[in-house]
A.B. asks: 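Below you'll find the structure I mean.
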Amino acid sequence: MDRYNSKEIEPKWQKFWDENDVFHAKIDPKKPKYYVLEMFPYPSGKIHMGHVRNYAMGDVIARYKKSKGFNVLHPMGWDAFGMPAENAAMEKKVHPRTWTESNIKDMKEQLRPMGLSIDWSKELATCDPDYYAKQQSLFIDMEKSGLVSRKISKVNWDPVDMTVLANEQVVDGRGWRSGALVEKKELTQWFFNISNYSEELLKGLDALKGWPEKVRIMQNNWIGKSSGAEITFSIKNSITEFKNIKVYTTRPDTIFGMSFLAISPNHPIAVKLSKTNKRLNDFGIECQNNLTSEEALETAEKKGIDTGIKVEHPFIRDKKIPVFIANFIVMDYGTGAVFGCPAHDQRDFDFAKKYNLEILQVFEPENVEINDVSVKNSAILGEGRMINSEFLNGKTTLEARKIVCNQLEKKGTGIEKTNYRLRDWGISRQRYWGCPIPMIHCEKCGLVAEKKENLPILLPEDIEFDRPGNPLERHQDWMKTICPKCDSVAKRETDTMDTFVDSSWYFLRFTSPKDPKPINKEAIDYWMNVDQYIGGIEHAILHLLYSRFFSRAMVKTGHLPEKFKEPFNALFTQGMVCHETYMDGLGQWLSPEEVCHEKSGEIRKISDNSKVTKGASTKMSKSKRNVVDPKDIIEQYGADTARWFVLSDSPPERDIEWTESGVEAAWRHIQRVWRLAHEIINSEDLKSSNSEDEKIEKIRNQTIEKVSKGIETFAFNKSIANLYEFTNFISKSKSSKPSKIRSIKTLAILMNPMTPHLSEEIWEMTGEKSQLSSSMWPRAEEEYLREDLVTLPIQINGKRKTEIQINSGTPEDQIKLEALNNELIKKNLKGVSPKKVIVVPDRIVNIVI
RNA sequence: GCGGGCGUGAUGGAACUGGUAGACAUACCAGACUUAAAAUCUGGAGGCCGAAUGGCCGUGGGGGUUCGAGUCCCCCCGCCCGCACCA
């Protein structure tokens, strides 16, 4: 008998779908719409298994919804700006555009054989002048609406290459190419005022019912709302013109335990002092060598230096508090200064130990024996009851916070204050391959937005990547322009936008990718919101938060109706695709194709038969060479096998392990279903009993129910397990031919979202003329979903002893009676009368003795 | 360092709202078919003890709540993701 030949069948159906424009999404107000979107890829040039998994999942949803009667929008595009293109330009002397465009072409070719239900007519790339021109006009509107600002901020500076480095390009504090120690450099840059929306973005999280709880928690923490007090400390011994220092604290209750004040190295006082004090200046320079990432800041050794300045304690007369400059205080958060209470903050505790500062406990934790805790070894965190704090003694820490705030307000030295950790979004990049910021520097008029009719501001094509840095800055012709206000000669902004800007509205543009305006009202109104968004958990904060902000910005600038300010109704975050790693005797990583697994369990290198060490399974990555090319898999086994495999076994939110045997299992299943369909179609209709037909009909309906539920809840692995079971059942069933035909047709429909080619083929084999890709998802009939017989386990003291069969809905007393009369139970009870019998109807019986 | 998550047989995993742990699949073992192999089909199987009815142990480790814990609470360990210029 024939095998399922993927090389013939898959292109056949792909051609059919193409020619009939099956997945072309058109606005149809009569039909309910469904917008499913996978996070668009960066065009690296090669599709990897992570993409395959991501798109296979999206495709399951898209095809399922379509067969449920929805008008589905399932577009695809390219997140095409970004650093790798510039790196390629430097390394391979190829223009970023050429490199990017050829990558897009390659990836599209690799994607096509997967048989995804994508509407390619909606394709866009963020590096298309048409796309970034629209983005420039959105920027101009944002600038006019006060959503944009200029601020000084720090970048990683490579002093040898004379260029700005991304955090990723800093390896162990050094530039990745030059190896030079990275410095911090201050630049005036462009920002989106996302922090004005802190409260709004925080509140909005509650409405995102379709988002994973963990993502909402992460965003919530990222926004970091806190309430506390801003306290003004007066300086006793003014060595500078500054008379006081403002401090933000979330723990005003611990003010009597304060033993020092710490200010950021960038605090105006610190800066001022450094000018005249060499020690402070040296320390400032040392801090300058810290990296810009928060991670680096937090993991670096905590250091400080005494400024000699003393401040007054607001409640303790004559108490002098030393002021330190500390490397772990950031200027961007709060006021750039904190007070240190070593007894109740671990970081302050470590600092106090190091510099021999007083550690005074000011509250006792509640519900803990006093002897159990001590501030000798570590800080005491949390809440408790105040001690050593004068008028606060005996109060709870929560009460104390309120009282301190009131007292400070009375004295006029402090106020209650709410703070957010969220900082403004710095969008300036000193790079070529991004969307030019449409601003003009005019000597007379200052900063002026480009006129919309002059858009797009195109990236110049004639650029050189012979040296690091931003080629735009060296391109005199490109920079030279005319001030839109006064017509005098002016200079273009050379910064380009962060690529997160590009990805903050592409999902809107997909609804009308060729419209002359950034978005088309009618299309937005019909297609938005995205009903299901699918992507990696690594985007939980930045991309998703920026998109939520950007939608609000587009509401403010009049591009988007208010109702679309939260653009993603539901979010699903999928796990990574992992593979074992292999290393040869020389410590070199080997790819899976370079090794062979022997029966004995040993792994050997194919080229020289040497022994190979198996390493941990990690995310497929070029550097560890543990990648499997989807192209090879599709070529060898076909798209349906690849799709079936990436969806089976592991729950979608978890990482999956790519194994050769797993792919083979998927392949075997595809073949088995194919054979089964053939056998059934060509079989004689033998006599069968009605009860067999009833049985298969029951299983068929239950499978419909389970598989549908699995897809709806993103438990594709469970749907697949149910489909395996159903297949096993059909193949063993003694039911009549019509019953089996009905079942195999149901199997084909239910498998269609995962294995669309096989399903269409079987559908056609059964003589059906209609296409499977349109609405025909079956409905399970209620009467088959009921179970009349229930197996009830009986436990004695929580240990299962036996089980009984009862009719579902049997009353409690009767179950109890039956359980106690069971022979085995009687034997186990040995005449002891039970203390208690717990009966959970239709569930369990537990006899306590 | 901070924030979030995960941990179940040899392996991937299943177990609805606290109610029979191990569905389904892989690897493995045995059998059928075959000259043989592959493919396919049938069956077995968490670990330990036992000839067997069966017993004990078992969801990263330790403790707790409960008639009953993989699931809830506390502590610990390991791994993964994010930390604002990778996308």
Side-chain angles (χ1 to χ4, degrees), chain A residues 3 39-42 44 79 81-84 153 155-156 164-170 189 194 212-215 217-222 224 292-300 302 328 332 346-347 421-431 498-500 502-503 536-543 545-546 573 575-576 578 616 618-619 648-651 653-657 659-662 664-666 668-669 671-672 675 709 715 717-718 720-725 728 731 791-803 834-838 840 843-849:
Chain A
R3 280 187 164 182
M39 288 179 186
F40 67 164
Y42 180 80
S44 60
D79 190 9
F81 274 138
M83 267 192 339
S153 78
V155 292
N156 299 311
V164 177
L165 297 177
N167 286 336
E168 187 193 51
Q169 296 172 314
V170 180
Q189 309 203 64
I194 188 172
E213 184 68 18
K214 61 178 171 187
V215 175
I217 292 171
M218 280 192 256
Q219 291 214 353
N220 181 72
N221 292 337
W222 185 260
T292 56
S293 79
E294 187 175 315
E295 186 190 1
L297 208 64
E298 291 279 331
T299 48
K302 311 279 182 294
F328 53 88
D332 299 329
Q346 194 56 46
R347 194 170 62 181
R421 204 183 73 101
L422 180 65
R423 306 201 297 259
D424 279 334
W425 173 13
I427 60 153
S428 276
R429 296 293 180 271
Q430 293 70 41
R431 279 189 249 289
D498 177 9
T499 54
F500 274 126
D502 312 340
S503 56
I537 185 69
E538 65 272 22
H539 295 292
I541 297 173
L542 294 181
H543 161 59
L545 190 64
Y546 289 154
T573 54
M576 301 175 298
C578 301
T618 59
K619 178 180 174 174
S648 58
D649 288 347
S650 292
E653 68 275 13
R654 237 191 269 181
D655 295 349
I656 68 162
E657 177 74 14
T659 58
E660 194 61 27
S661 56
E664 271 163 21
R668 273 205 298 274
H669 178 71
Q671 296 300 341
R672 189 168 174 225
R675 267 199 321 272
K709 196 181 159 211
N717 56 321
K718 288 191 239 169
I720 284 181
N722 295 325
L723 288 164
Y724 272 119
E725 267 174 303
N728 289 342
S731 95
T791 308
L792 212 61
I794 305 175
Q795 302 177 328
I796 294 178
N797 285 344
K799 292 199 183 236
R800 195 190 77 105
K801 291 296 168 190
T802 187
E803 54 190 35
K835 279 187 198 143
K836 202 171 168 190
V837 180
I838 290 144
V840 185
R843 268 276 125 93
I844 204 162
V845 179
N846 190 8
I847 301 165
V848 187
I849 54 170

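Keep in mind that what you see is a predicted model, and the values were worked out from it rather than measured. A, B, ... follow the sequence lines: proteins, then strands. Residue 1 opens every chain.
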A.B. asks: Using a heavy-atom cut-off of under 4.0 Å over every strand shown, decide if A/L422 touches base, sugar-phosphate, or nothing.
C.D. replies: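 Counting heavy atoms under 4.0 Å across all strands, the contact made by A/L422 includes a base.
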A.B. asks: Counting only side-chain N and O atoms of A/K799, is one of them less than 4.0 Å from OP1 or OP2 of B/C57?
C.D. replies: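 So the side-chain polar atoms of A/K799 do come within 4.0 Å of the phosphate oxygens OP1 or OP2 of B/C57, strictly under.
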A.B. asks: Any donor-acceptor pair under 3.5 Å linking the side-chain atoms of A/R672 with those of A/N728?
C.D. replies: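 There is such a pair between these side chains.
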A.B. asks: Over all strands shown, is A/Q189 touching base, sugar-phosphate only, or nothing at heavy-atom distances under 4.0 angstrom?
C.D. replies: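 The residue A/Q189 makes base contact.
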A.B. asks: Say we look at B/A10 and B/G60: how far apart would their P atoms be, to the nearest angstrom?
C.D. replies: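 So the two P atoms sit 13 Å from each other.
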A.B. asks: Name the closest nucleotide to the A/R421 side chain, picking from B/A84, B/C81, B/C85.
C.D. replies: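 Per side-chain heavy atoms of A/R421, the pick is B/A84.
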A.B. asks: Which of the following nucleotides, B/G1, B/C85, B/U20, is nearest to the side chain of A/E295?
C.D. replies: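 Within the option list, the nearest is B/G1.
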A.B. asks: Reckon A/G575 touches a base, only the sugar-phosphate, or nothing at all at heavy-atom distances under 4.0 Å?
C.D. replies: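 Contact class for A/G575: none.
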A.B. asks: Less than 4.0 angstrom between a side-chain N/O of A/R654 and OP1 or OP2 of B/A14, yes or no?
C.D. replies: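 Affirmative; the distance criterion is met.
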A.B. asks: Provide the Watson-Crick or G-U wobble partner of B/G46, both distances under 3.5 Å; none if there is no partner.
C.D. replies: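 Checking every strand shown, B/G46 finds its partner in B/C57, with both distances under 3.5 Å.
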A.B. asks: For B/G19 and A/N846 - does any side-chain N or O of the residue sit under 4.0 Å from the phosphate oxygens OP1/OP2?
C.D. replies: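 No.
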A.B. asks: Under a plain distance cut-off of 3.5 Å, with no hydrogens placed, do A/E803 and A/T791 share a side-chain donor-acceptor pair?
C.D. replies: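 No, no side-chain donor-acceptor pair sits under 3.5 Å.
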A.B. asks: Please determine, for B/C2, whether a Watson-Crick or G-U wobble partner exists with both distances under 3.5 Å, and give it or none.
C.D. replies: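 Per the H-bond distance test, B/G82.
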A.B. asks: With nearest nucleotides of RNA chain B determined for A/E213 and A/V840 from heavy-atom distances, which residue corresponds to the more 5′ nucleotide?
C.D. replies: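 Residue closer to the 5' terminus by nearest nucleotide: A/E213.
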A.B. asks: Using 30° and 60° as the class limits, which term best fits the ring planes of A/W425 and A/Y546: parallel, tilted or perpendicular?
C.D. replies: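 Answer is parallel, since the angle falls under 30°.
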A.B. asks: Looking at every strand, decide which applies to A/V215 at a 4.0 Å heavy-atom threshold: base, sugar-phosphate, or nothing.
C.D. replies: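 Since no nucleic acid heavy atom lies under 4.0 Å of A/V215, the category is nothing.
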A.B. asks: Within the structure, does a side-chain N or O atom of A/N221 lie under 4.0 Å from either OP1 or OP2 of B/C83?
C.D. replies: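 No, no such contact exists.
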A.B. asks: Is there a side-chain contact between A/T499 and A/Y42 (heavy atoms, below 4.5 Å)?
C.D. replies: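 Not touching, per the 4.5 Å side-chain cut-off.
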A.B. asks: Grab the two heavy atoms, one from A/M39 and one from A/G536, that are nearest each other, plus how far apart they are.
C.D. replies: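 It is SD-N, 3.9 Å.
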A.B. asks: Could you check how far CG of A/L723 sits from C1' of B/A23, rounded to whole Å?
C.D. replies: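 Atom CG in A/L723 sits about 14 Å away from atom C1' in B/A23.
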A.B. asks: State whether A/R672 places a side-chain N or O below 4.0 Å from either non-bridging phosphate oxygen (OP1 or OP2) of B/U40.
C.D. replies: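 For B/U40, OP1/OP2 do not have a side-chain N/O of A/R672 under 4.0 Å.
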A.B. asks: How is A/G82 classified with respect to the nucleic acid when contacts are heavy atoms under 4.0 Å: base, sugar-phosphate, or nothing?
C.D. replies: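 Sugar-phosphate, no base atom in range.
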A.B. asks: Using Watson-Crick or G-U wobble geometry with both distances below 3.5 Å, tell me the partner of B/C41, or none.
C.D. replies: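 By the stated definition (distances under 3.5 Å), B/G31 pairs with B/C41.
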A.B. asks: Would you kindly give the NZ-to-P distance between A/K836 and B/U66, to the nearest whole Å?
C.D. replies: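 After rounding, the gap between these two atoms is 11 Å.
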A.B. asks: Indicate, with a heavy-atom threshold strictly under 4.0 Å, whether A/P41 touches base, sugar-phosphate, or nothing.
C.D. replies: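 No contact at all - A/P41 keeps every heavy atom at 4.0 Å or more from the nucleic acid.
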A.B. asks: Considering every strand and a 4.0 Å limit on heavy-atom distances, what is the contact class for A/K801: base, sugar-phosphate, or nothing?
C.D. replies: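 Sugar-phosphate, backbone atoms only, no base.
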A.B. asks: When you measure from the side-chain N and O atoms of A/K718 to the phosphate of B/A15, is any distance below 4.0 Å, counting only OP1 and OP2?
C.D. replies: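 Yes, within the criterion.
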A.B. asks: Given atom CD1 of A/I217 and atom C1' of B/G3, what is their separation to the nearest angstrom?
C.D. replies: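 Value for this atom pair: 10 Å.
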A.B. asks: Taking atom P in both B/C85 and B/U11, compute the distance separating them and give it to the nearest angstrom.
C.D. replies: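 These two P atoms come out 42 Å apart once rounded.
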A.B. asks: Measuring only the P atom in each nucleotide, how far is B/U59 from B/U71? A whole number of Å is fine.
C.D. replies: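 These two P atoms come out 9 Å apart once rounded.
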A.B. asks: For the pair made of CZ in A/R800 and P in B/G70, what is the distance, rounded to whole Å?
C.D. replies: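 The answer, rounded to whole Å, is 15 Å.
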A.B. asks: Just how far, in rounded Å, is C1' of B/A15 from NZ of A/K709?
C.D. replies: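 About 12 Å, once rounded to whole Å.
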A.B. asks: Mapping A/N156 and A/A665 onto RNA chain B by nearest heavy atom, which one lands closer to the 5' end?
C.D. replies: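 Upstream on the strand: A/A665.
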A.B. asks: Roughly how many Å apart are B/A87 and B/G5, using the P atom of each and rounding to a whole number?
C.D. replies: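 So the two P atoms sit 27 Å from each other.
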A.B. asks: For the P atoms, the ones on B/G22 and on B/G58, what distance do you get once it is rounded to whole angstrom?
C.D. replies: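 B/G22 and B/G58 have their P atoms separated by 16 Å.
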A.B. asks: Please classify the nucleic acid contact of A/T299 as base, sugar-phosphate, or nothing, using heavy-atom distances under 4.0 Å.
C.D. replies: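 Touches a base.
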A.B. asks: If pairing requires Watson-Crick or G-U wobble contacts with both distances under 3.5 Å, which nucleotide is the partner of B/A36?
C.D. replies: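 Pair assignment: B/A36 / none.
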A.B. asks: Are OP1 or OP2 of B/A14 and a side-chain N or O of A/N717 less than 4.0 angstrom apart?
C.D. replies: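 Answer yes for this pair, as a side-chain N or O of A/N717 is under 4.0 Å from OP1 or OP2.
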A.B. asks: Could you tell me how far apart A/N220 (CG) and B/C83 (P) are, to the nearest whole angstrom?
C.D. replies: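 After rounding, the gap between these two atoms is 18 Å.
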A.B. asks: Side chain of A/M83, heavy atoms from C-beta onward: which of B/A84, B/C86, B/G5 has the nearest atom to it?
C.D. replies: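 Output: B/C86.
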A.B. asks: Identify whether any heavy atom of A/I838 sits under 4.0 Å from a base atom; if not, whether one sits that close to sugar-phosphate; answer base, sugar-phosphate or nothing.
C.D. replies: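 Counting heavy atoms under 4.0 Å across all strands, the contact made by A/I838 includes a base.
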A.B. asks: Counting side-chain heavy atoms from CB outward, which of B/U26, B/C86, B/C24 is closest to A/R668?
C.D. replies: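 The nucleotide sitting nearest to the side chain is B/U26.
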A.B. asks: State which of B/A87, B/C24, B/A84 makes the closest approach to the side chain of A/P84.
C.D. replies: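 Minimum distance to the A/P84 side chain belongs to B/A87.
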A.B. asks: Within the structure provided, determine whether A/I796 and A/I849 are in side-chain contact (heavy-atom separation under 4.5 Å).
C.D. replies: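 Answer yes - side chains close enough.
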A.B. asks: Taking atom CD of A/Q219 and atom CD1 of A/I541, what is their separation to the nearest 0.5 Å?
C.D. replies: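 A/Q219 CD to A/I541 CD1: 7.0 Å, rounded to 0.5 Å.
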A.B. asks: With a non-hydrogen cut-off below 4.0 angstrom, is A/Q430 in contact with a base, only sugar-phosphate, or nothing?
C.D. replies: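 Base: the residue A/Q430, judged by heavy atoms under 4.0 Å, touches a nucleobase.
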A.B. asks: Could you please name the partner base of B/G18, counting Watson-Crick and G-U wobble pairs only when both distances are under 3.5 Å?
C.D. replies: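 Looking at the geometry, B/G18 pairs with no nucleotide.
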A.B. asks: Using the C1' atom on both, measure B/A32 against B/C80 and round to a whole Å.
C.D. replies: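 My reading of the C1' atoms in B/A32 and B/C80 gives 46 Å.
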A.B. asks: Can you tell me how far P in B/G13 sits from the matching atom in B/G63, rounded to whole Å?
C.D. replies: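 Those two atoms are separated by 28 Å.
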A.B. asks: Name the pairing partner of B/A87, where a pair is Watson-Crick or G-U wobble with both distances under 3.5 Å, or state none.
C.D. replies: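 Looking at the geometry, B/A87 pairs with no nucleotide.
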A.B. asks: Quick one: is B/A25 close enough that its OP1 or OP2 comes under 4.0 Å of any side-chain N or O from A/S648?
C.D. replies: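 For A/S648, the contact criterion (side-chain N or O under 4.0 Å from OP1 or OP2 of B/A25) is not met.
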A.B. asks: Can you measure A/E294 atom CD to B/C2 atom C1' for me and round it to whole angstrom units?
C.D. replies: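 A/E294 atom CD is separated from B/C2 atom C1' by 7 Å.
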A.B. asks: For A/H539, which contact category applies under a 4.0 Å heavy-atom criterion: base, sugar-phosphate, or nothing?
C.D. replies: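 It contacts base atoms.
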A.B. asks: Over all strands shown, is A/E725 touching base, sugar-phosphate only, or nothing at heavy-atom distances under 4.0 angstrom?
C.D. replies: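 If one applies the 4.0 Å heavy-atom cut-off, A/E725 turns out to touch the sugar-phosphate alone, with no base involved.
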A.B. asks: What nucleotide among B/U26, B/U20, B/G1 has an atom nearest to a side-chain atom of A/I844?
C.D. replies: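 So the nucleotide nearest the side chain must be B/U20.
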A.B. asks: Just call it for A/V155: base, sugar-phosphate, or nothing, with non-hydrogen atoms closer than 4.0 Å on any strand.
C.D. replies: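 Base contact.
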A.B. asks: Nearest to the side chain of A/R675 - B/G19, B/U40, B/A87?
C.D. replies: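 It is B/U40.
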A.B. asks: So, for A/N221 and A/R421, which heavy atoms are closest and what is the spacing to 0.1 Å?
C.D. replies: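 Taking A/N221 first and A/R421 second, the nearest heavy atoms are O-NE, 3.7 Å.
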A.B. asks: Over all heavy atoms of both residues, which pair between A/Q430 and A/S428 is shortest? Give the atoms and the distance, please.
C.D. replies: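 Taking A/Q430 first and A/S428 second, the nearest heavy atoms are NE2-CB, 4.0 Å.
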A.B. asks: Can you measure A/F500 atom CZ to B/C85 atom P for me and round it to whole angstrom units?
C.D. replies: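 Result: 8 Å.
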A.B. asks: For nucleotides B/C74 and B/A69, find the distance between their C1' atoms and express it as a whole number of Å.
C.D. replies: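 It works out to 15 Å between them.
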A.B. asks: What contact category does A/W222 fall into here, base, sugar-phosphate, or nothing, at under 4.0 angstrom with non-hydrogen atoms?
C.D. replies: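 Here A/W222 touches the bases of the nucleic acid.
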A.B. asks: Quick one: is B/C67 close enough that its OP1 or OP2 comes under 4.0 Å of any side-chain N or O from A/N797?
C.D. replies: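 So the side-chain polar atoms of A/N797 never come under 4.0 Å of the phosphate oxygens OP1 or OP2 of B/C67.
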A.B. asks: What distance separates A/W222 CH2 from A/L545 CG, expressed to the nearest 0.5 Å?
C.D. replies: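 So the gap between those two atoms works out to 8.5 Å.
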